[in-house]
Amino acid sequence: MALSLYNTLTRRVEPFTPLLPPRVTIYTCGPTVWQYAHLGNFRTFLFEDLLRRHLEFLGYDVFHIMNLTDVDDRTIKAAAAAGKRLEEHTAPFVQAFFDDRDYLRIQPAHVYPRATEAIPAMVRLVGQLLDKGVAYKGEDGSVYFAIGKFPTYGRLSRLDRRELKVGARVASDEYAKDDPRDFALWKRAEPIDEQVGAAWDAPFGRGRPGWHLECSAMSLDAISRFGVATLDIHAGGIDLIFPHHEDEIAQSEAATGQPFARFWLHGEFLNVRGTKMSKRFGNFLTARDLREQRVDAAAVRLLFWQTHYRQALDFNDEALEGAKEGVKRLGELRARLVERAAVDSARPGVLAELASELLSEFGIALDDDLGAPRAVAALFEFVRAANRELDRGQGGIGTGAAAGAGAALAVFDRVMTVLDVLPTAKALTPEFAAWVEGQLAAREKARRAKDFREADRIRAALRAKGVELEDTPAGTKWRAG
RNA sequence: GGCGCCGUAGCCAAGUGGUAAGGCAGAGGUCUGCAAAACCUCGAUUCGUCGGUUCGAUUCCGACCGGCGCCUCCA
């Protein structure tokens with residue numbers, strides 16, 4: 001098996017090989033901490049989580065860098081509007097981002113460099129670019145990158161021959177630049193920047209970094225520990241292709257003379273009725289909204305995995321409900337496998353076969369440009385076949401067989417992480433459990449006496465407390481929702 | 001205007017030049033005191049429309065209709 005990934009640079013799926021195996025360096029553009037990140041932002045972070053987990057599953061030694069943009073137009077404006085210092089405004093949103101990340105069970109990156117803590121590295125980078133003559137100081141005091149000095153500019157976005165649309169957004173610094181397409185590396189300090197504490201001294205003037213600069217400076221700094229100036233993978237949302245990633249390439253490669261990243265991966269949008277989820281449109285939902293609704297993160301993940309990452313996904317409540325039901329079904333199977341693991345076998349070989357089919361198909365699917373939808377399809381085929389087998393094997397399916405199937409499920413879940421959190425992890429007081437057991441005993445007594453009215457009354461009473469019952473030959477099971 | 005993406009059952013969607021995965025919802029059934037869970041059966045003669053290439057196209061090409069994205073700081 002070999003992993004292949006779609007590379008935006010070449011616009012095709014290519015075999016993936018890292019520069020220095022088994023090490024893989026990944027840089028993913030992180031959140032701008034001016035506000036809570038919404039679910040669309042997290043779709044990208046989740047696709048990156050899948051990438052990371054699959055690489056690790058394949059045995060790669062991944063080093064994952066995710067930046068936190070804590071100084072830019074929006075953070076500065078938001079801080080000023082709140083009458084706060086920059087750091088004071090962004091800190092809670094950094095924490096919120098980490099909380100949401102954990103809720104969604106996204107593996108933490110190895111480092112989270114922050115723009116405000118990388119000012120010296122950025123100043124150095126701008127200095128280098130000035131020295132090389134690919135950057136210049138504009139009439140307004142800001143420093144710009146001269147794209148005319150970088151022949152391959154536009155290679156990633158393929159917008160090199162583009163013309164500015166008449167009436168399209170035109171930067172206010174237009175007249176300070178030699179070429180309207182040049183972009184800011186360092187922006188001269190404005191009063192609002194000083195007001196919130198977002199201005200730093202530099203040899204080329206007091207100011208603050210341009211948006212693209214931080215990613216180049218921080219990623220190069222982070223991978224310098226491996227003695228390289230080339231990332232194996234750089235990923236982000238599809239909207240970052242231009243200008244963000246294009247500009248990162250220009251800055252980095254002009255400075256180092258080496259390829260900035262070997263693979264560029266871009267995730268598609270999360271849509272709402274056909275339009276991208278966005279703060280601007282007000283059609284967004286945050287992770288904390290879902291958490292408040294007690295939506296299991298597994299449902300969000302399953303929903304996202306059912307659509308390929310390079311395909312727009314239309315989000316709505318019905319789709320989310322569907323994923324929730326799917327997660328429930330997965331949990332039922334896992335519980336069955338655990339329960340049945342201790343009983344003797346009728347047909348021990350069948351489950352083992354199903355388990356190995358699952359893992360094989362799962363690996364093939366993810367190796368093919370992270371074909372998560374195919375992996376999910378294989379998972380549910382496994383669920384159906386395993387349940388059928390469990391239904392059939394009256395006396396049990398064998399310790400080894402059940403354990404093996406459970407293990408296969410666990411392997412799958414280490415990458416996809418779509419199984420709900422184990423019920424035992426949910427907060428249940430011993431008192432509550434004892435009360436439920438008491439009710440169950442009373443109900444069982446009523447059932448034996450054929451007093452089904454009383455039995456149903458107890459069941460309804462338990463349901464009102466969030467306890468669902470399931471009568472099985474082995475007794476009544478219950479779970480707290 | 002430039003570059004690009006998409007249009008598959010009620011919803012979310014996968015996919016291939018050879019006759020449509022998977023999930024959810026829905027209908028019927030098995031099991032059950034009834035439920036629940038699980039399993040079984042059922043749904044697109046059809047993949048936006050119209051042409052073309054081909055023995056054969058949802059899949060390739062063209063046109064059109066519809067939706068969307070990027071075009072200097074949006075994941």
Side-chain angles (χ1 to χ4, degrees), chain A residues 11 28-32 37-48 69 72-74 154 157-171 173-174 177 180-184 187 210-212 235-244 246-247 266-271 273-280 302-303 305-308 310-329 332-333 335-336 365 371-381 383-384 387-392 447 450 452 455-456 459 468-473 476-477:
Chain A
R11 308 278 157 124
T28 57
C29 287
T32 301
H38 60 66
L39 214 51
N41 300 317
F42 275 107
R43 185 183 181 204
T44 296
F45 303 146
L46 277 160
F47 127 67
E48 292 159 351
T69 299
D72 80 320
D73 289 1
R74 288 178 298 169
S157 60
R158 308 202 170 175
L159 284 175
D160 46 334
R161 289 183 299 269
R162 82 188 192 286
E163 290 174 16
L164 286 173
K165 179 188 175 184
V166 180
R169 285 185 276 174
V170 177
D173 51 20
E174 173 93 13
K177 300 190 285 191
R181 298 176 302 168
D182 289 347
F183 59 90
K187 305 173 97 160
W211 177 35
H212 321 302
I238 192 169
D239 50 344
L240 296 186
I241 293 175
F242 188 88
H244 191 51
E246 194 69 72
D247 292 349
H266 293 98
E268 254 291 355
F269 290 132
L270 183 66
N271 285 169
R273 272 180 253 158
T275 302
K276 76 165 178 173
M277 183 178 282
S278 163
K279 288 271 163 53
R280 218 165 21 133
L302 182 62
L303 176 64
W305 299 162
Q306 283 177 317
T307 303
H308 189 91
R310 286 195 286 114
Q311 207 65 43
L313 162 58
D314 219 76
F315 182 89
N316 62 46
D317 288 337
E318 200 175 345
L320 181 62
E321 285 306 315
K324 283 189 206 167
E325 289 304 312
V327 167
K328 239 159 112 182
R329 190 158 150 230
E332 295 287 352
L333 174 64
R336 271 188 103 177
R374 240 176 98 189
V376 170
L379 175 64
F380 280 99
E381 270 155 19
V383 169
R384 182 159 27 79
N387 269 317
R388 189 194 301 138
E389 196 54 29
L390 257 41
D391 281 354
R392 209 176 265 165
R447 291 181 74 207
K450 304 255 186 233
F452 296 121
D456 290 347
R459 180 166 62 197
E468 290 296 331
L469 301 189
E470 190 178 331
D471 295 323
T472 76
T476 299
K477 293 192 298 186

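Residue numbers start from 1 in every chain, and the chains themselves are labelled A, B, ... in the order their sequence lines are given, proteins ahead of strands.
- B:A37 and B:U45 have their P atoms separated by 31 Å, given to the nearest Å.
- Closest to the side chain of A:R336, out of B:A75, B:A13, B:A38, is B:A38.
- For the P atom pair drawn from B:A63 and B:A27, the interatomic distance equals 46 Å after rounding to whole Å.
- Across all strands shown, nothing is found opposite B:U46 as a Watson-Crick or G-U wobble partner with both distances under 3.5 Å.
- Between the C1' atom of B:C68 and the CE atom of A:M277 lies a distance of 15 Å, rounded to the nearest Å.
- On the P atoms, B:A21 is 13 Å away from B:U16, given to the nearest whole Å.
- Distance check on atom C1': B:U46 versus B:C40 gives 26 Å, rounded to whole Å.
- At a cut-off of 3.5 Å, with distance as the only test, a side-chain donor of A:T476 or A:D471 sits close to an acceptor on the other residue.
- Applying the Watson-Crick and G-U wobble criteria (two distances, each under 3.5 Å), B:C3 pairs with B:G69.
- Between A:E389 and A:R392 a salt bridge is recorded (basic side-chain N to carboxylate O distance below 4.0 Å).
- Pair check for B:A38 finds B:U30; Watson-Crick or G-U wobble, both atom distances under 3.5 Å.
- Nearest-nucleotide positions on RNA chain B place A:R310 closer to the 5' end than the other of A:R310 and A:A455.
- With hydrogens and angles disregarded, a donor-acceptor distance shorter than 3.5 Å links the side chain of A:D314 to the backbone of A:G274.
- Under a 3.5 Å cut-off, the side chain of A:N271 and the backbone N or O of A:R273 do not form any donor-acceptor pair.
- Summarising the geometry, the separation between CD1 on A:I238 and C1' on B:C6 is reported as 11 Å, rounded to the nearest angstrom.
- Side chain of A:T307, nearest nucleotide from B:G33, B:C68, B:A14: B:A14.
- For B:A25, there is no paired base (Watson-Crick or G-U wobble, both distances below 3.5 Å).
- With values rounded to the nearest 0.5 angstrom, A:R43 atom CZ is found 10.5 Å from A:F269 atom CZ.
- When the C1' atom of B:A36 is taken as reference, atom CG of A:D456 falls 12 Å away, rounded to whole Å.
- Scanning atom types as modelled, no donor and acceptor separated by under 3.5 angstrom connect the side chain of A:N271 and the base of B:C68.
- Nearest to the side chain of A:R447, among B:C34, B:C11, B:U72, sits B:C34.
- Closest to the side chain of A:T275, from the set B:C39, B:C68, B:A13, is B:C68.
- Spacing between atom NE2 of A:H38 and atom C1' of B:A75 amounts to 7 Å, rounded to whole angstrom units.
- Separating the CZ atom of A:R181 from the C1' atom of B:G2 is a distance of 12 Å, rounded to the nearest angstrom.
- A donor-acceptor contact shorter than 3.5 Å links the side chain of A:E246 to the backbone of A:G154.
- In this structure, of B:A75, B:A13, B:A14, it is B:A14 that holds the atom nearest to the side chain of A:Q311.
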Between A:E325 and A:K328, does the salt bridge (Lys or Arg N to Asp or Glu O under 4.0 Å) criterion hold? Intermediate values first, please.
CA-CA 5 Å; A:E325 289 304 312; A:K328 239 159 112 182; 3.8 Å; yes
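- In this entry the distance linking CG of A:D239 with P of B:G69 reads 11 Å, nearest Å.
- Contact annotation for A:G40: base contact, defined as any heavy-atom pair under 4.0 Å involving a base atom.
- A gap of 13 Å separates the C1' atoms of B:A13 and B:A20, to the nearest Å.
- Ring-plane geometry between A:H244 and A:H212 is classed as tilted, the angle between the planes lying from 30 to 60 degrees on a 0 to 90 degree scale.
- Comparing B:G51 with B:G56, their P atoms are spaced 15 Å from each other, to the whole Å.
- Here A:N387 reaches the OP1 or OP2 of B:C39: one of its side-chain N or O atoms lies under 4.0 Å away.
- When distances run from any side-chain atom of A:D314 to the nucleotides B:C12, B:A75, B:C39, the shortest one goes to B:C12.
- At the heavy-atom level, A:F42 lies nowhere under 4.0 Å from the strands shown.
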What string of B, S and - do you get for nucleotides 22-28 of chain B, 5' to 3', if B is base contact, S is sugar-phosphate-only contact and - is no contact with any protein heavy atom under 4.0 Å?
BSSS---
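- Using a 4.0 Å heavy-atom cutoff across all strands shown, A:H266 reaches no nucleic acid atom at all.
- Nucleotide B:G7 holds its C1' atom 18 Å from the CZ atom of A:R273, rounded to whole Å.
- Set against B:C39, B:C6, B:C5, the side chain of A:R388 has B:C39 as its closest nucleotide.
- Taking atom C1' in both B:G17 and B:G26, one finds a spacing of 35 Å when rounded to whole Å.
- In this structure, A:H212 and A:L39 both approach RNA chain B, and ranking their closest nucleotides by distance from the 5' end singles out A:H212.
- A:H308 pairs by the ring-ring contact (aromatic ring centres under 6.0 Å, His included) definition with nothing, not counting sequence neighbours.
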Is there a salt bridge (Lys or Arg N to Asp or Glu O under 4.0 Å) between A:R336 and A:D391 once you walk through the steps?
CA-CA 10 Å; A:R336 271 188 103 177; A:D391 281 354; 2.7 Å; yes
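- Side chain of A:N387 to main chain of A:V383: a donor-acceptor pair is present (N/O by atom type, distance under 3.5 Å, no hydrogens or angles).
- The residue A:N316 sits close only to the backbone: its heavy atoms come under 4.0 Å of sugar-phosphate atoms, none of a base.
- The side chain of A:R459 has B:C34 as its nearest neighbour among B:C34, B:G33, B:A75.
- With B:A75, B:A37, B:A38 as the candidates, the nucleotide lying closest to the side chain of A:R74 is B:A75.
- Spacing between atom NZ of A:K450 and atom P of B:A35 amounts to 16 Å, rounded to whole angstrom units.
- For B:C60, the paired base is B:G52 (Watson-Crick or G-U wobble, both distances below 3.5 Å).
- Annotation: B:G67 and B:U54 have their P atoms spaced 35 Å apart (nearest Å).
- Contact annotation for A:L320: no contact, since no heavy-atom pair falls under 4.0 Å across all strands.
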